[in-house]
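Okay, so here's the structure we're looking at.
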Amino acid sequence: MAVLLELKGVGKAFGATRVLEHIDLAVEDGEFITILGPSGSGKTTILRMIGGFTQPDQGQILLDGRDIAHDPINRRPFNTVFQDYALFPHMTVAGNVGYGLKVRGTANAVIKQRVGEVLDLVQLGSLAARYPAQLSGGQRQRVALARAIICQPRLILLDEPLAALDVELRKQMQEFLKDIHREIKTTFLFVTHDQEEAIAMADRICVMNYGKILQLGSPTEVYYRPHSEFVARFFGDNNLIEGVAGDRGSVATPIGTLPCAADGTEPAAGAKAFAVIRPEAIRIGNEPGANTVVAGQVSSVNFGGAATVAVVDVAGVPLRVKLPSRAEGLPLKVGDRVQLAWRTEDCRLVAA
Amino acid sequence: MKRSPLATLLLSLVTLLVFILLYGPIFIPIVTSFFTVKYGSVDWSQMNLDAYAKLTGNEGVIEAVENTFIVGLSAVAASLVLGTVIALHCNSGKSRSRALLQFVVFLPFLMPPIITGLSLLIFFREVSIDRSMLTIIIGHTVFVLALVYRTILVRLQGIGFSMIEASYDLGASAPQTFFYVLLPNLKSALIGAGVLAFALSFDETMITILVTGTQNTLPLRLWAMMRLGFTPDINALVAIILALTTVMVLIAARYLIPKDFAGADA
């Protein structure tokens, strides 16, 4: 894929606080890229810089090879879906959606036709004459999206647009946003602090913290192959076993020397490190194909809907094991002695 | 707890008395304006509009009313423009110069009017501006600006930045953003502030005395007349002004409550 937008060495400080440190990021044409990070990680600042609402102190933002870092907001071919939607309360849905065309001096007949098309796309065709105050949260969200796509921008910036919605509606809107993305094939840059949301929607996830990009990759990459302790912990519920890195990607831990898959990002031999194994990658009993086998005692079994999480104490180290639940219950009791097994490629090594 | 009927009756009487004491004096001129007053006593036998007819011939009062309206409307127009500009500026960021500007705007409103008036008088003399209608208008604008500015600023803060950012984001220029997005959302605040500013200007006396030339506004004229005693047509004038004021208060109440924002801030 071709690169649409490139951030090169972008930095920003608010007073004495550095919010972004030398960010390099290439956004590919047509992709759905999610910037994921906890609050204060600098993710919204990146979005606001691309949109033109803030200027970087250093670095360039390249579009078609030209630095647009200091172009005014209204000269950039990007549109934004704001966190609070920022709909104009005195305009109808049609007025809101058509605003971008109106200020460009588009003929009224054309505006009317395009507004109709875009409202049909977001399934709000029947509400064109309503005012924002008369809409539900999900409907306002779709008006904000329609308003952002009508001018056919090169890039759509979405600033935590689903944060204000309840869980059920959020799931629907995630599907909906993905459908729209497939339909219009415009590049989406989506900012969120919600890991599940990022995994469910993105082609690529850019994990950030403390103003730095920690890892950039597909959802499965950042989920299964973390490059840092932060990323390993950020996706929740992970097993991190502290130890000392050995050579050839192994790590010496209290439960033995564990072989790990190496991809060139692991710490040097002798450094403090964590072995990282996802709970769902661990099997109970000696599975064929498993390279690592340890023995332990079950200390708790927690039914959690689709999955049941068992905590197994292995030489004083608690390991979480996630198993598919069964109606009759799992053949596991607290106190059972069990063997845990996993494949070397499921075990990663990150610096402590 | 239930009150006894007697207590309820007594409370009602006290309430009624308070209302009569508060509003009775206002109604007396209205009632008397429809009757003939002779030798200090009201002739209740016949209702007529003589006082109103006489008022149309009282050139001094009519000129004063005209001046009051010219001053009031000019001061409202000037303060709305200035207030909007200053509020937009002060809302666009925080800095020491903005804080200072805000302080300067509030100063004439917070100081005793006699100090504001004297300062203006000295200023006009020093820069050799002859006292005239213009100086009255400037004085009133300076005085009402704080109220207009504050009303607009509060509304601007309610609108928030993201709506303005959204407008720019969709490709609008600064003038387009102002006329399509900001002004429609400020409209009710501007109307409310305008009505209140006019009301303040209408009865402003202290500053006006100090900065006027030969012109009289209505409060000055009435003050001057006090020495000679009021003629019955003044009752008619009071009745008309009360009617106008009531309408203005209703308009202000309608526009100062931001109906257009109800429910739009989810």
Side-chain angles (χ1 to χ4, degrees), chain A residues 47-48 50-54 71-91 95-106 130-141 143-144 146-153 155-157 159 163-166, chain B residues 84 87-89 91-99 151-194 254-266:
Chain A
L47 177 139
R48 291 182 61 79
I50 297 172
F53 309 111
T54 329
D71 280 11
I73 307 169
N74 50 12
R75 296 274 175 74
R76 300 181 189 213
F78 311 140
N79 287 134
T80 308
V81 177
F82 292 86
Q83 187 168 9
D84 60 356
Y85 316 144
L87 299 180
F88 306 127
H90 60 293
M91 293 183 199
N96 269 283
V97 175
Y99 185 77
L101 295 177
K102 182 174 144 189
V103 297
R104 281 170 175 75
T106 311
R130 295 263 188 101
Y131 283 89
Q134 300 166 304
L135 302 178
S136 72
Q139 288 167 337
R140 280 181 209 166
Q141 171 71 74
V143 175
R147 190 175 69 170
I149 63 185
I150 196 165
C151 295
Q152 299 174 312
L155 172 67
I156 293 177
L157 303 165
D159 184 8
L165 305 177
D166 61 52
Chain B
T84 307
L88 281 173
H89 175 67
N91 194 41
S92 66
K94 271 200 166 63
S95 68
R96 204 165 288 177
S97 67
R98 286 186 176 91
T151 310
I152 295 171
L153 184 71
V154 167
R155 178 60 57 87
L156 272 180
Q157 285 165 345
I159 292 173
F161 283 113
S162 68
M163 219 199 290
I164 299 166
E165 286 184 342
S167 174
Y168 284 122
D169 183 69
L170 291 162
S173 61
Q176 284 174 324
T177 300
F178 180 76
F179 286 107
Y180 292 153
V181 175
L182 273 177
L183 203 56
N185 284 296
L186 285 178
K187 191 180 73 184
S188 58
L190 290 175
I191 294 173
R254 159 68 183 83
Y255 282 103
L256 277 181
I257 300 164
K259 271 191 193 133
D260 45 358
F261 273 89
D265 53 356

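Keep in mind it's a predicted model, so treat the numbers as computed, not measured. So that the names make sense, note that chain A is the first sequence line, chain B the second, and so on, each numbered from 1.
Of the inter-residue distances, the one linking A:K102 atom NZ with B:Y180 atom OH reads 5.0 Å to the nearest 0.5 angstrom. Put simply, CZ on A:R76 and OH on B:Y168 are 14.0 Å apart, with the number rounded to the nearest 0.5 Å. Here the OG-OH distance, from B:S162 to A:Y85, works out to 12.0 Å after rounding to the nearest 0.5 Å. In this structure, the separation between CD1 on B:I164 and CZ on A:F53 is 12.0 Å, given to the nearest 0.5 Å. How far CZ of A:R48 is from CD of B:E165: 4.0 Å, rounded to the nearest 0.5 Å.
Nearest heavy atoms, A:V103 versus B:G171: CG2-C, 3.8 Å. Closest approach of A:N79 to B:L170, counting heavy atoms only: ND2-CA, 3.8 Å. Taking every heavy atom of both residues into account, B:S167 and A:Y99 meet most closely at OG-OH, 2.7 Å.
Neither the backbone nor the side chain of A:R75 comes within contact range of chain B; no heavy atom of the residue lies under 4.5 Å from a heavy atom of that chain. Contacts of A:L87 with chain B are made by backbone atoms alone, with heavy-atom separations under 4.5 Å and no side-chain atom involved. Using a 4.5 Å cut-off between heavy atoms, A:Y131 makes no contact with chain B at all.
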Start with the C-alpha distance between A:F82 and B:M163, add both sets of side-chain angles, then the distance that settles side chain to side chain contact (heavy atoms under 4.5 Å, CB included), and finish with yes or no. CA-CA 9 Å; A:F82 292 86; B:M163 219 199 290; over 6 Å; no
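Of the possible donor and acceptor atoms, none in the side chain of A:N74 sits under 3.5 Å from a partner among the backbone N and O of B:D169.
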